[in-house]
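As the structure is a prediction and not an experimental result, all values here were calculated from the model. Order of listing sets the numbers, starting from 1, for every ligand and every atom in it. Just so you know, residue 1 is the first one in the sequence shown, and it goes up from there.
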Amino acid sequence: MISFEKFRENAKAILERVNLSCANVGRDPRAVRVLPVTKTNPIEAARYAHAFGFQAVGENRIQEAVDKIEHPNKPEGLRWELIGHLQSNKAKLAVAHFSRVQSVDSRKLLERLNRLAGEAGRRLPVLIQVNAGDDPAKFGVSCDAVEPLVETGLGCEFLELDGLMTIAPLSDDPDVARQCFFRLRELRDNLAEKQGTPLAELSMGMTGDLDHAIAAGSTMIRVGTALYGPREQK
Ligand SMILES: *Cc1c(COP(=O)(O)O)cnc(C)c1O
């Protein structure tokens, strides 16, 4: 695990990169938030993020995340977002521990999260994960199946549908990520107009492709490697 000093340097560099990317396309950098991704790193990763001033972190595995969220040394007041695939049978854990679920990709999961959030007496913010790059290795609903899910989500009393999320396919060709992000942006713009609701959050962009994501309108980049260094391969 890196030192806090190193983390702070990395975090400043990322914010600088966001500023530059925004300046290049005439966007307000305050409209792009950084979500530090703490997966595979110990609880200190979340403590660093909180100490630097980030309000939330992302985790992709539910059990690993719950262990951290229940850790005696967890930072107080930090929000946790689930960015990895959620199986329906873990939905209750997700509702109990996460401030938002970014990886909703089926009607069944929407309906289950809605029922469980109601039972827990809360409203749960969610994003719909879209496989906007048609990547067979990725979860997420295909672009042509997003509209009925958005309609279902907007009708769920105990969910707040904030917007859409995507993960670009891994590729040496930067156009692949760029096209994926612009496709999600266009899809969101069309749905927002049709449904009469902003669907304001576009969670897209990671360490390797965040500049393209910002150019396409990302409002949240999810950053692991650039903040914490390379993860050990599992
Ligand atoms: C791991 C992960 C990230 C962060 O990836 P980096 O390339 O390390 O920045 C972002 N989003 C999701 C969904 C992830 O699982």
Side-chain angles (χ1 to χ4, degrees), residues 1-2 6-7 9-18 21 32-46 48-49 52 54-69 79-87 90 94 98-106 109 125-141 162-174 176-178 180-181 184 201-234:
M1 183 69 195
I2 60 170
K6 180 66 185 156
F7 175 83
E9 263 174 43
N10 292 344
K12 284 184 176 160
I14 276 292
L15 295 178
E16 202 41 52
R17 202 169 142 192
V18 170
S21 280
V32 182
R33 271 173 307 150
V34 176
L35 183 74
V37 175
T38 48
K39 68 183 185 197
T40 77
N41 280 303
I43 188 72
E44 282 71 28
Y48 287 2
F52 185 82
F54 292 111
Q55 319 256 315
V57 294
E59 282 278 339
N60 76 331
R61 291 217 177 95
I62 192 135
Q63 194 53 54
E64 179 187 343
V66 169
D67 289 346
K68 290 178 195 172
I69 296 168
R79 289 184 282 107
W80 299 76
E81 300 207 19
L82 184 64
I83 59 173
H85 184 62
L86 176 60
Q87 290 170 288
K90 303 272 174 64
F98 287 91
S99 63
R100 185 161 73 171
V101 176
Q102 297 201 6
S103 46
V104 180
D105 61 357
S106 73
L109 187 54
V126 298
L127 303 180
I128 289 175
Q129 182 176 350
V130 183
N131 190 356
D134 291 325
D135 181 349
K138 296 281 189 302
F139 288 105
V141 66
D162 290 342
L164 307 178
M165 180 271 233
T166 197
I167 307 171
L170 259 187
S171 170
D172 294 333
D173 178 0
V176 171
R178 202 175 9 237
C180 170
F181 297 143
L184 192 74
E201 191 87 285
L202 276 181
S203 172
M204 54 188 194
M206 329 197 318
T207 295
D209 55 24
L210 64 89
D211 308 286
H212 296 308
I214 288 171
S218 173
T219 58
M220 175 169 275
I221 54 173
R222 308 175 307 264
V223 183
T225 309
L227 286 173
Y228 298 106
R231 288 178 291 276
E232 278 175 45
Q233 295 300 317
K234 282 198 178 161

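Between T38 and A46 the shortest heavy-atom distance is CG2-N, 3.8 Å. Taking both residues in full, the closest heavy atoms of P125 and R100 are given as O-CG, 3.1 Å, listed atom of the first, atom of the second, then distance.
Pairs passing the salt bridge (Lys or Arg N to Asp or Glu O under 4.0 Å) check and including a residue from residues 203-218, sequence neighbours excluded, read R17-D211.
In summary, the aromatic rings of H212 and F181 are positioned with their centroids too far apart to meet the 6.0 Å limit.
Between R222 and E59 there is no salt bridge, since no side-chain nitrogen of the basic residue lies less than 4.0 Å from a carboxylate oxygen of the acidic one.
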Please tabulate protein-ligand N/O pairs under 3.5 Å for ligand 1, atom names and distances to 0.1 Å.
from, atom 1, to, atom 2, distance (Å)
ligand 1, 8 (O), T225, N, 2.8
ligand 1, 8 (O), T225, OG1, 2.5
ligand 1, 8 (O), R231, NH1, 2.7
ligand 1, 8 (O), R231, NH2, 3.1
ligand 1, 9 (O), T207, N, 3.1
ligand 1, 9 (O), T207, OG1, 2.5
ligand 1, 9 (O), G224, N, 2.9
ligand 1, 11 (N), R222, NE, 2.9
ligand 1, 15 (O), K39, NZ, 2.7

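R79 places none of its side-chain heavy atoms less than 4.5 Å from the side chain of F98.
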